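Atoms considered below: every heavy atom in the structure, side chains included; atoms not considered: hydrogens, waters and symmetry mates. Atoms within each ligand, like the ligands themselves, are counted from 1 in listed order. Only a predicted model underlies this, so the values are computations on that prediction, with no experimental measurement involved.
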Amino acid sequence: MTQKTHLVLGATGKTGRRIAARLRLRDTPVRAASRSSRVRFDWSEPDSWDTVLRNVDVAYVVPPPVPGPVHEFVGRAEAAGVRRLVLLSGRGADSWGDSAFGRHMRSAEEAVRGSSLGWTILRASNFAQNFDEDVFHAPLVAGALALPAGEVPEPFVDVDDLAAAAVTVMTEGHRHAGQVYELSGPHSLTFAEAVELISRASGRPLTYRRITRDEYISSLTGQGLSRHDAEDVAAMFALMESGLIAGTTDGLASILGRAPRTFEEYAIRAAAAGAWDER
Ligand SMILES: NC(=O)c1ccc[n+]([C@@H]2O[C@H](COP(=O)([O-])OP(=O)(O)OC[C@H]3O[C@@H](n4cnc5c(N)ncnc54)[C@H](OP(=O)(O)O)[C@@H]3O)[C@@H](O)[C@H]2O)c1
């Protein structure tokens with residue numbers, strides 16, 4: 001009989017790429033899937049899901065940014081004989097209120113918790129890698145980041161730690177069944193402190209400025225986001241400013257058996273790779 005495989009959704013993204021690479025190095029069979037991967041998976045094309053789910057033992061699920069599809073996906077996974085699901089969610093998913101982020105994360109969590117499969121939920125803090133691989137990157141390369149975030153610190157999590165934890169949970173599932181882990185970095189920093197560290201590590205005079213929610217929404221709509229999406233992104237900062245998710249957790253240490261990496265280590269690694277060099 002063919003050995004069952006580990007399905008990684010969002011396989012070209014920040015977490016999925018790293019998880020797939022780690023699984024491959026363990027000689028664990030991997031099926032890396034997304035819209036642009038060789039194995040195609042699209043949340044908006046349920047007809048294609050059964051092929052992707054064939055012969056899968058454990059699936060890492062990066063949910064879509066809309067509520068709903070994970071319920072049907074879980075049903076298909078059950079029918080396909082998948083044994084376990086590991087879901088990526090966000091810190092404080094219960095506290096997000098009626099924002100689109102809150103709705104999609106809660107919907108995905110409900111789908112996974114309600115399944116007959118083994119499951120684990122990984123609720124991550126803001127990623128350190130947002131500064132070099134996502135939304136904060138372009139403004140930093142241009143020299144200045146402006147966000148509606150002030151004195152409330154954020155315990156940025158290193159995505160390499162998150163990926164290591166996801167792989168541990170995927171490969172040692174019995175220890176983690178039915179667990180919801182809140183995963184943060186080891187210290188909380190303000191955005192100004194994070195940008196200061198990046199500025200020093202990269203040797204560039206980068207600045208950080210706090211702006212109002214309305215200014216931020218205008219800047220996002222100016223970059224092409226709809227008003228609705230811009231308000232949802234702003235809602236994430238409102239939750240952070242409330243202080244509800246500002247504290248560190250021991251989730252990564254309890255999964256990995258070691259302290260999580262610091263933001264300084266991340267900044268050194270990314271600066272050495274030239275992430276914030278002037279273009
Ligand atoms: N950034 C943060 O600070 C943070 C913190 C906590 C939780 N999260 C959660 O993390 C998730 C994002 O994970 P990530 O950062 O690893 O990914 P990412 O870097 O944002 O990349 C998105 C991944 O999803 C795939 N994808 C996009 N649309 C798709 C679709 N319609 N069907 C199938 N695949 C699709 C993309 O690949 P293709 O383009 O090839 O399809 C890509 O692999 C979100 O749910 C977010 O809420 C983020």
If you have a sec, work out which protein heavy atom is nearest atom 33 (C) of ligand 1 and how many Å separate them, to one decimal? Phe41 O, 3.2 Å

Enter the distance from Thr171:OG1 to His6:NE2 here, rounded to the nearest 0.5 Å. 6.5 Å

Please check atom 46 (C) of ligand 1 for a protein heavy-atom neighbour under 4.0 Å. no

Could Arg258 and Asp161 be called an ion pair, given the rule that one side-chain N must be under 4.0 Å from one carboxylate O? yes

Which donor-acceptor pairs under 3.5 Å do side chains of residues 191-198 form with protein atoms, sequence neighbours excluded?
from	atom 1	to	atom 2	distance (Å)
Glu193	OE1	Thr190	N	2.9
Glu193	OE1	Thr190	OG1	3.4

Residues Arg113, Glu110: salt bridge by 4.0 Å N-O rule: no

Test side-chain hydrogen bond (donor to acceptor under 3.5 Å, both in side chains) applied to Ser89 and His104, Glu109, Arg123, the passing residue: Glu109

Please work out which of Arg17, Arg35, Glu45 has its closest non-hydrogen atom nearest to atom 41 (O) of ligand 1. Arg35

Assess whether atom CD of Gln179 is packed by more than 12 heavy atoms of other residues, nucleotides or ligands within 6.0 Å. yes

Taking atom CZ of Arg209 as the centre, report whether more than 12 heavy atoms of other residues, nucleotides or ligands fall under 6.0 Å from it. no

Report yes if some N/O of Leu88 lies less than 3.5 Å from some N/O of ligand 1; otherwise report no. no

Examine Ser34 against ligand 1 and note whether any of their N/O atoms are separated by less than 3.5 Å. yes

Ser44 heavy atom under 4.0 Å from ligand 1: no

When you compare ligand 1 with Phe127, is there at least one nitrogen or oxygen pair between them that comes in under 3.5 angstrom? yes

Glu154: what forms a salt bridge (Lys or Arg N to Asp or Glu O under 4.0 Å) with it, not counting sequence neighbours? none

Polar-atom distance check: Gly13 versus ligand 1, any N or O pair below 3.5 Å? yes

For ligand 1, is there an N or O atom under 3.5 Å from any N or O atom of Asp134? no

Would you say Ser36 has any N or O atom under 3.5 Å from an N or O of ligand 1, going by distance alone? yes

Ser125 near ligand 1, heavy-atom distance under 4.0 Å? yes

